[in-house]
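Scope of the values below: all heavy atoms of this structure, side chains included, with no hydrogens, waters or symmetry mates.
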Amino acid sequence: MRHLQIYRAINAIARHGSIRKAASHLAISPSALNRQVQAIEDELGAPLFERLAVGVRLSVAGEIYLKLFRGHLAEVERASTQIADLAGSRAGTVRIGVSSELAGHFLPQVIAQYQASFPGVDFVLEVIRFDEAQDRLRAFDVDLVVAVNPIAGDLLEVVFANDADLVAVLSEAAAPLPEVIRISTFAERPLIVPTGGSGLRNLIDAAIAARQVPVRIALEYGYFTPTFLHAMPEAMQLLLAVEVDADLLSRHGLVTRPLAPRILPVPSIQIVKLRGRSLPVTATNLLAHLSRKCMQE
């Protein structure tokens, strides 16, 4: 299937906007990659890229053919995993885009549990912004996106959605501890919040702005940070409940507290895929497993 190699190469060039950068990613020389592109352009009778002073961009013909190439690559991968499934061995690679607020504990834990039953399945996890879901799925960079409140798009299909609980994590050393986190607590403690580009951060920023609460954001970080809370016990980190590792809390002398009702809109954990795309068997199986775990949490 030598044609698949050039399909992947063209996909890489389109992603990077540069033959040189794509060649580096593919571990071949830029001149060799350029020759491959020119050969298929000659075969197709149309240029796939417009050569610019800096980099390249898809031509109209290139956009048409790239969509075809990406679909072909996805179908070949799907067929390969189906054949592996028929042979009795779950094998293949699942590529998942995940928003930062779900990438620290929940999703890695789910994948580890899945791999215990299907050790032949490999995973590629890529942290993406909540507004990148459609572009990354459309480019076939990922099979699924797991995110909090991803931006909807015409090409997206939500295959699972579930409301998520929010908690605050605090150090026991900062007594007295509140039983419930109220909006006034936001002004009393330095906050650790997710980085920009996450659905949860959007909800937090909107709630603070709507109530005009004076806050100090001490740290923007996408993951649970016990080291920082240990060093700065007066701080408070806002997390999805599914991201809390109880053992880690106990080891660092940390506790969780619920948020009072209506402080923040209820976040939604969503799993989305490209509308109309038939997923590889491995991705379909993982989707079912992941949906069950979201419901249990």
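Here the side chain of K21 pairs no donor or acceptor atom with the backbone of H25 at under 3.5 angstrom. Between the side chain of Q134 and the backbone N or O of L155, at least one donor-acceptor pair lies under 3.5 Å. A donor-acceptor distance shorter than 3.5 angstrom exists from the side chain of R211 to the backbone of I263, with no hydrogens or angles considered. Between the T225 side chain and the T227 main chain, no donor and acceptor come within less than 3.5 Å of each other. Using modelled atom types, no side-chain atom of S268 and backbone atom of Q270 make a donor-acceptor pair closer than 3.5 Å. Side-chain N or O atoms of S59 include one that pairs as donor or acceptor with a backbone N or O of L48 at under 3.5 Å. Between the side chain of S291 and the main chain of L287, a donor-acceptor pair closer than 3.5 Å is present. Using a distance-only test at 3.5 Å, with no hydrogens or angles considered, a donor-acceptor pair links the side chain of E243 to the main chain of G104.
R216 CZ: 12 or fewer foreign heavy atoms inside a 6.0 Å radius. Applying the 6.0 Å contact sphere to CZ of R51 captures more than 12 heavy atoms from other residues, nucleotides or ligands. Within 6.0 Å of CZ in R136 there are more than 12 heavy atoms belonging to other residues, nucleotides or ligands. The number of heavy atoms from other shown groups lying within 6.0 Å of CZ (R257) is above 12. Atom CZ of F228 has more than 12 neighbouring heavy atoms from other residues, nucleotides or ligands inside a 6.0 Å radius. Open room surrounds NE2 on H230; 12 or fewer heavy atoms of other groups in view lie less than 6.0 Å from it. Atom CZ of R275 is surrounded by more than 12 heavy atoms from other residues, nucleotides or ligands within 6.0 Å. The environment of Y65 atom OH is sparse: at most 12 non-hydrogen atoms of other residues, nucleotides or ligands sit within 6.0 angstrom.
Rounded to the nearest 0.5 angstrom, I151 CD1 and L156 CG are separated by 10.0 Å. With values rounded to the nearest 0.5 angstrom, E220 atom CD is found 4.0 Å from R201 atom CZ. With rounding to the nearest 0.5 Å, the separation of CG in L264 from CG in L200 is 7.5 Å.
A continuous path of hydrophobic side-chain contacts links V37 to L44 [ILVMFWY only; heavy atoms under 4.5 Å].
Taking the six-membered ring for Trp and thresholds of 30 and 60 degrees, Y221 and Y223 have ring planes more than 60 degrees apart, a perpendicular arrangement.
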